[in-house]
Amino acid sequence: MIVVNLDVMMAKRKMTLSQLSEKVDVTLANLSILKNNKARAVRFSTLEAICAALDCQPGDILEFVPDRESGA
């Protein structure tokens, strides 16, 4: 499963969700869905904007966590 560590990067950069929303021009609701691991997909353009605003790499935000049952 893919885990979104957006909250971790925001904390490291001392940025609120509202501030990030303004910088990347994505609604607060959509960023909240992403931050809370409820998103089913993310556009590359959105990921690019988030990475630019937080000065990070996609791997700093997205993490693959193997499924314990399947061992994948």
Side-chain angles (χ1 to χ4, degrees):
M1 112 175 172
I2 302 296
V3 175
V4 180
N5 294 315
L6 185 57
D7 53 345
V8 173
M9 284 309 300
M10 288 171 37
K12 286 182 180 180
R13 302 298 188 252
K14 295 181 172 71
M15 189 178 295
T16 67
L17 200 60
S18 296
Q19 291 169 326
L20 183 61
S21 175
E22 288 178 19
K23 286 186 176 236
V24 299
D25 197 28
V26 174
T27 67
L28 202 55
N30 284 339
L31 280 180
S32 182
I33 288 169
L34 185 61
K35 182 177 88 78
N36 293 315
N37 284 301
K38 302 292 183 195
R40 303 295 294 156
V42 61
R43 292 176 189 246
F44 279 172
S45 59
T46 301
L47 184 59
E48 182 178 344
I50 290 170
C51 287
L54 294 174
D55 188 29
C56 66
Q57 295 294 315
D60 296 327
I61 297 171
L62 303 175
E63 176 184 3
F64 173 70
V65 178
D67 185 2
R68 292 181 187 181
E69 291 179 12
S70 70

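Every value quoted in this text rests on a predicted model; they were computed, and no experiment measured them.
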(request) Quick one: list whatever passes side chain to side chain donor-acceptor pair (under 3.5 Å) with Asp7, sequence neighbours left out. (result) none

(message) If hydrophobic clusters are built from ILVMFWY residues whose side chains come within less than 4.5 Å, do Val8 and Phe64 share one?
(response) no

(message) Minimum heavy-atom separation for Pro58 and Cys51, please, with both atom names.
(response) N-SG, 3.5 Å

(message) Does any part of the side chain of Leu34, heavy atoms only, come nearer than 4.5 Å to the side chain of Asn30, both counted from C-beta?
(response) no

(message) With side-chain contact (heavy atoms from CB on, under 4.5 Å) as the criterion, how do Leu20 and Val26 come out once you've worked through the C-alpha distance, each side chain's angles and the decisive distance to 0.1 Å?
(response) CA-CA 8 Å; Leu20 183 61; Val26 174; over 6 Å; no

(message) What I'd like to find out is whether the side chain of Ile61 reaches to under 4.5 Å of the side chain of Asn5, using heavy atoms alone.
(response) no

(request) Output every pair passing side chain to side chain donor-acceptor pair (under 3.5 Å) with a member in residues 43-61, not counting sequence neighbours, ordered by first then second residue. (result) none

(message) For a 4.5 angstrom cut-off between non-hydrogen side-chain atoms, does Met10 reach Thr16?
(response) no

(message) Once side chain to side chain donor-acceptor pair (under 3.5 Å) is applied, do any residues pair with Asn37, and if so which ones, sequence neighbours excluded?
(response) none

(message) If you apply the rule side-chain contact (heavy atoms from CB on, under 4.5 Å), what do you find for Leu17 with Lys35, and how did you get there?
(response) CA-CA 9 Å; Leu17 200 60; Lys35 182 177 88 78; 4.1 Å; yes

(request) Starting at CE of Met1, measure out to CD of Glu63 and round the result to the nearest 0.5 Å. (result) 9.5 Å

(message) Between Leu62 and Val3, is there a side-chain heavy-atom distance shorter than 4.5 Å?
(response) no

(message) With heavy-atom distances below 4.5 Å as the criterion, would you say the side chains of Met9 and Met15 are in contact?
(response) no

(request) Please answer: with hydrophobic residues joined when any side-chain heavy atoms are less than 4.5 Å apart, are Ile2 and Leu31 in the same cluster? (result) yes

(message) Are Arg13 and Cys56 packed together at the side-chain level, in the sense that at least one heavy-atom pair is separated by less than 4.5 angstrom?
(response) yes

(request) Flag the pair Val42 / Val4 as yes when at least one side-chain heavy-atom distance between them is below 4.5 Å, and no otherwise. (result) no

(request) Quick one: closest heavy-atom pair of Val24 and Ala53, and the distance? (result) CG1-CB, 3.8 Å

